[in-house]
Amino acid sequence: MKNNILDKNKKYTLLAWTLAILVLAVSVPLNLIFDRLNITFDMTPNSMYTLTPITQNYLDELDASGEEVTVYFLQKMEVIENEPELLALYRTLLAYDEHPCFRLVDFDPDTEPQILADLNPEGVLNLQENDFLFVHDNMVKRLPATMMYTYDMDTDDQGNSIVKGAEFRAENYFTGYIKSVMDGEIPTVYFLTGHGETPLSEMSAMCANLKNYNYGAEELNLTTASAVPEDCCILIIANPLHDLTDGEYQKILDYTKTGGNINILLSPNKEKIAYYNLETLMNSYCIGMNYDEVTETNDNRHSHEDTYAMLCEMVPANDDAEENLTAALISEANSLPTYMPKSRSFYSIYNGNFSTCRQANLIQTDTTAISKPFGGISADPVTIEGEQATLAMFSVDTLRNDSKLIVFGSGDIITDAGTSEAYFINPLQLFLTSITWMYNSDVDMNIQNKEKTYDTIRISNGSEAKGLMVLFVAFPIAVALIGVIVWLRRKDS
């Protein structure tokens, strides 16, 4: 009887070992084959490494058309292949590269500088490591690496920053940028001329910045043009010395009725003239303009080299604001002070449409600044002291398809002479932020971001640490030992 039991145990033991060996014999070669053929399965809950049907269908259409977009990646793929934080980007690029319409060129800009020089011959594009360039025919769009992920940060009990969650945003950008360059869609910013405005030739650095942000720049004379062009995403009026004509005003007003956007930079003008039509345009957005020149009386709040370089404050948005143009500029990461050059000031007007306009101040002086009358035709000019002066503000008119207006009290912040001064970097960045706020040049393909969560364990004291060690280390070892002891006691029974 005992021999029968032993024979039976040996059979079961042999069967168990045989099954284990068979599992290894099948799984190991399969893994090797899948690895050699680069076959993977996306087991993530939100398909982190798989292209959405929107992208798949669009790429299939391009494959059928025979057209191709070249995507330059300023990094070698093998560098990011083994980086856990960049695995989603790596797998996404491989998925795109499976389509004939997507030609991926990865290179190291340090070891292959000629490729970079050919892509950026004028040095206009501010290319960084891990950036992308999407190229089709004469269309070129830059996609910064910083736009691939957005992080949800938190702090632990010791005050250290930790990543609580992240969203992978690359697919929506990739597919949108491909469509943009394939369709030849580069939004154009028009600069008004005909009133003594600053010409584009004196704003070369600004034009380079616009190109770096994927915008085109053209001049526009509305005395000869029948209307504001349909491809105008923003109309910029930079330092006009004279007012708009009635005809020009009507053309611009018609443009705003369809959601057109206006950016006005108006430095102080000593001439005894009035900007009737320009003021009427601003007033329709509930913004008024002073004929003044703002100066700072506190020696500690202006540059010793330039008394008109006034130390100002970026105004934070309200908690319930739909727009927040100053957030990045007043964050802890930005330690640069905000200076404004010689400027005029603005104020709110409570017109009948005030309830339909969302407006806010953007840059303000301290109460030590003085608003002195400067130019204009007022018979009784007034000096204003002891109040904050508003040097930049914006308004959004919901009745005009969310048409946006932003005004700056100086045009020097975008001229070559002005941008050469390090003082005015924050107003310049605010101007660039206003461009992307008014009209986002990215094509939104409505592809949802893919969330990546980070599991964390917070240990507040030594006893918790010991408990976790027992749970995750000692307990599994104890279970294994019990299993071995039971097997040893029963193997000959």
Side-chain angles (χ1 to χ4, degrees), residues 190-198 220-223 228 234-257 260-294 340 342-365 371-384 387-397 399-400 403-414 431 434 438:
Y190 281 87
F191 289 77
L192 193 66
T193 63
H195 316 87
E197 293 92 345
T198 303
L220 173 65
N221 191 327
L222 279 177
T223 59
V228 177
I234 303 171
L235 178 64
I236 296 180
I237 306 174
N239 271 345
L241 300 179
H242 309 287
D243 193 22
L244 306 172
T245 66
D246 293 344
E248 290 173 311
Y249 165 75
Q250 188 59 50
K251 293 172 185 177
I252 295 175
L253 188 64
D254 291 341
Y255 165 69
T256 65
K257 290 178 180 178
N261 305 303
I262 311 291
N263 197 320
I264 300 175
L265 303 100
L266 195 57
S267 297
N269 185 351
K270 66 180 180 180
E271 300 300 326
K272 298 294 183 180
I273 63 169
Y275 294 93
Y276 290 115
N277 285 321
L278 203 55
E279 283 191 84
T280 303
L281 179 63
M282 294 186 207
N283 294 166
S284 69
Y285 290 88
C286 299
I287 293 178
M289 176 188 78
N290 288 314
Y291 289 84
D292 66 350
E293 182 181 64
V294 180
M340 276 290 282
K342 184 185 298 185
S343 302
R344 73 169 67 236
S345 63
F346 304 92
Y347 57 94
S348 295
I349 293 179
Y350 295 92
N351 284 338
N353 64 328
F354 185 81
S355 62
T356 67
C357 287
R358 303 192 302 269
Q359 62 174 216
N361 299 330
L362 295 173
I363 299 178
Q364 286 184 323
T365 67
S371 166
K372 296 180 179 180
F374 195 76
I377 58 173
S378 174
D380 188 21
V382 177
T383 296
I384 301 175
E387 298 180 8
Q388 287 183 297
T390 299
L391 307 185
M393 62 188 304
F394 75 84
S395 178
V396 182
D397 188 352
L399 293 182
R400 282 186 275 188
S403 173
K404 302 176 180 68
L405 170 73
I406 187 167
V407 293
F408 290 88
S410 174
D412 294 340
I413 60 173
I414 64 171
F431 173 84
S434 75
M438 284 183 165

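FYI, side chains are in, hydrogens and waters are out, and symmetry mates aren't considered; it's all heavy atoms of this structure. Sequential numbering from 1 along the given sequence is applied to the chain's residues.
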Novice: Find the distance between CG (Leu281) and CD1 (Ile252) and round it off to the nearest 0.5 Å.
Specialist: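 It is 6.5 Å, given to the nearest 0.5 Å.
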
Novice: Counting N and O atoms only, with roles assigned by atom type, does the side chain of Asp292 sit under 3.5 Å from a partner on the main chain of Ser345, one being a donor and the other an acceptor?
Specialist: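 Yes, the answer is positive, given that a donor and an acceptor are paired below the 3.5 Å cut-off.
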
Novice: CG of Asn283 to CD1 of Ile349: how many Å apart, nearest 0.5 Å?
Specialist: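 Between atom CG of Asn283 and atom CD1 of Ile349 there are 3.5 Å.
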
Novice: Specify the closest pair of heavy atoms between Phe408 and Phe431, including all atoms of both residues, with the distance to one decimal.
Specialist: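 Nearest heavy atoms, Phe408 then Phe431: CZ-CA, 3.8 Å.
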
Novice: Examine distances only and state if a side-chain atom of Thr365 and a backbone atom of Ala389 form a donor-acceptor pair shorter than 3.5 Å.
Specialist: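 The answer is yes, because a donor-acceptor pair under 3.5 Å joins these two groups.
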
Novice: Would you say the side chain of Ile287 lies within less than 4.5 Å of the side chain of Met393, judging by non-hydrogen atoms?
Specialist: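 They are in side-chain contact.
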
Novice: Are side-chain N/O atoms of Gln250 and Asp254 paired as donor and acceptor at under 3.5 Å?
Specialist: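 There is such a pair (donor and acceptor under 3.5 Å, judged by atom type) between the side chains of Gln250 and Asp254.
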
Novice: Leu266: which residues meet the side-chain contact (heavy atoms from CB on, under 4.5 Å) condition with it, sequence neighbours left out?
Specialist: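 Once residues adjacent in sequence are excluded, the partners of Leu266 under the side-chain contact (heavy atoms from CB on, under 4.5 Å) criterion are Pro240, Ile264, Tyr275, Leu278, Met282, Met289, Arg344.
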
Novice: May I ask you to check whether Asp397 and Ser403 show a side-chain donor-acceptor distance below 3.5 Å?
Specialist: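 The answer is no; no qualifying pair exists.
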
Novice: So, does Asn263 use its side chain to make a donor-acceptor pair with the main chain of Ile236 at under 3.5 Å?
Specialist: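 A pair under 3.5 Å: no.
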
Novice: Working to the nearest 0.5 Å, report the span between NZ of Lys270 and CG of Leu241.
Specialist: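 If we round to the nearest 0.5 Å, Lys270:NZ and Leu241:CG are 11.0 Å apart.
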
Novice: Starting at CG of Leu220, measure out to OG1 of Thr193 and round the result to the nearest 0.5 Å.
Specialist: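 The CG atom of Leu220 sits 6.5 Å away from the OG1 atom of Thr193.
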
Novice: Treating Asn353 as the side-chain partner and Ser284 as the backbone partner, does any N or O pair qualify as donor plus acceptor under 3.5 Å?
Specialist: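 Yes: the side chain of Asn353 pairs with the backbone of Ser284.
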
Novice: Keeping Glu197 on the side-chain end and Phe191 on the backbone end, is there a donor-acceptor pair under 3.5 Å?
Specialist: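 Checking the backbone N and O of Phe191 against the side chain of Glu197, no donor-acceptor pair under 3.5 Å is found.
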
Novice: If you look at every heavy atom in Lys404 and Asn261, which pair is closest and at what distance?
Specialist: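 Taking every non-hydrogen atom into account, N-OD1, 3.2 Å.
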
Novice: Tell me whether Gln359 contacts the main-chain N or O of Phe394 through its side chain, where contact means a donor paired with an acceptor under 3.5 Å.
Specialist: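 Side chain of Gln359 to backbone of Phe394: no pair is present.
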
Novice: Got a donor-acceptor contact below 3.5 angstrom from the Asn239 side chain to the Thr198 backbone?
Specialist: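 Not confirmed, Asn239 side chain does not pair with Thr198 backbone.
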
Novice: Before you tell me yes or no, could you show the steps for Arg400 and Leu253 under side chain to side chain contact (heavy atoms under 4.5 Å, CB included), namely the whole-Å CA-CA distance, both residues' side-chain angles and the distance that decides it to 0.1 Å?
Specialist: CA-CA 10 Å; Arg400 282 186 275 188; Leu253 188 64; 3.6 Å; yes

Novice: Return the minimal non-hydrogen interatomic distance between Ile414 and Ala238, and the atom names on each side.
Specialist: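 Scanning both residues completely, I find the closest heavy atoms to be CD1-CB, 4.2 Å.
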
Novice: Heavy atoms only: give me the nearest Cys286-Phe354 pair and the separation to one decimal.
Specialist: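 Closest approach of Cys286 to Phe354: SG-CA, 3.5 Å.
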
Novice: Treating Asn269 as the side-chain partner and Glu271 as the backbone partner, does any N or O pair qualify as donor plus acceptor under 3.5 Å?
Specialist: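 Yes; at least one donor-acceptor contact below 3.5 Å.
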
Novice: Working to the nearest 0.5 angstrom, can you tell me the gap between Glu293 CD and Ser267 OG?
Specialist: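 Answer rounded to 0.5 Å: 10.0 Å.
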
Novice: Write out all pairs satisfying salt bridge (charged side-chain N to carboxylate O under 4.0 Å, His left out) with one or both partners inside residues 277-291, taking only residues at least two apart or from two chains.
Specialist: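 The answer is none; no pair qualifies.
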
Novice: Any idea which heavy atoms bring Gly409 and Pro268 closest together, and the distance?
Specialist: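 For Gly409 and Pro268, the tightest heavy-atom pair comes out as O-CD, 3.7 Å.
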
Novice: Does any N or O in the side chain of Ser395 come within less than 3.5 Å of the main-chain N or O of Tyr285, such that one atom is a donor and the other an acceptor?
Specialist: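 Side chain of Ser395 to backbone of Tyr285: a pair is present.
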
Novice: Look up atom OH in Tyr249 and atom OG1 in Thr280, then write down how far apart they are to the nearest 0.5 Å.
Specialist: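 Those atoms lie 5.5 Å apart.
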
Novice: Can you find a heavy atom in the side chain of Thr245 that is under 4.5 Å from one in the side chain of Asn277?
Specialist: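 A side-chain contact under 4.5 Å is absent here.
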
Novice: For Leu222 and Val228, which heavy atoms make the closest approach, and how far apart are they?
Specialist: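 Distance-wise, the nearest heavy atoms are CD2-N, 4.0 Å.
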
Novice: For Tyr276, I'd like to know if atom OH has over 12 heavy atoms of other residues, nucleotides or ligands within 6.0 Å.
Specialist: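 Counting neighbours around OH of Tyr276, 12 or fewer heavy atoms of other residues, nucleotides or ligands fall under 6.0 Å, so no.
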
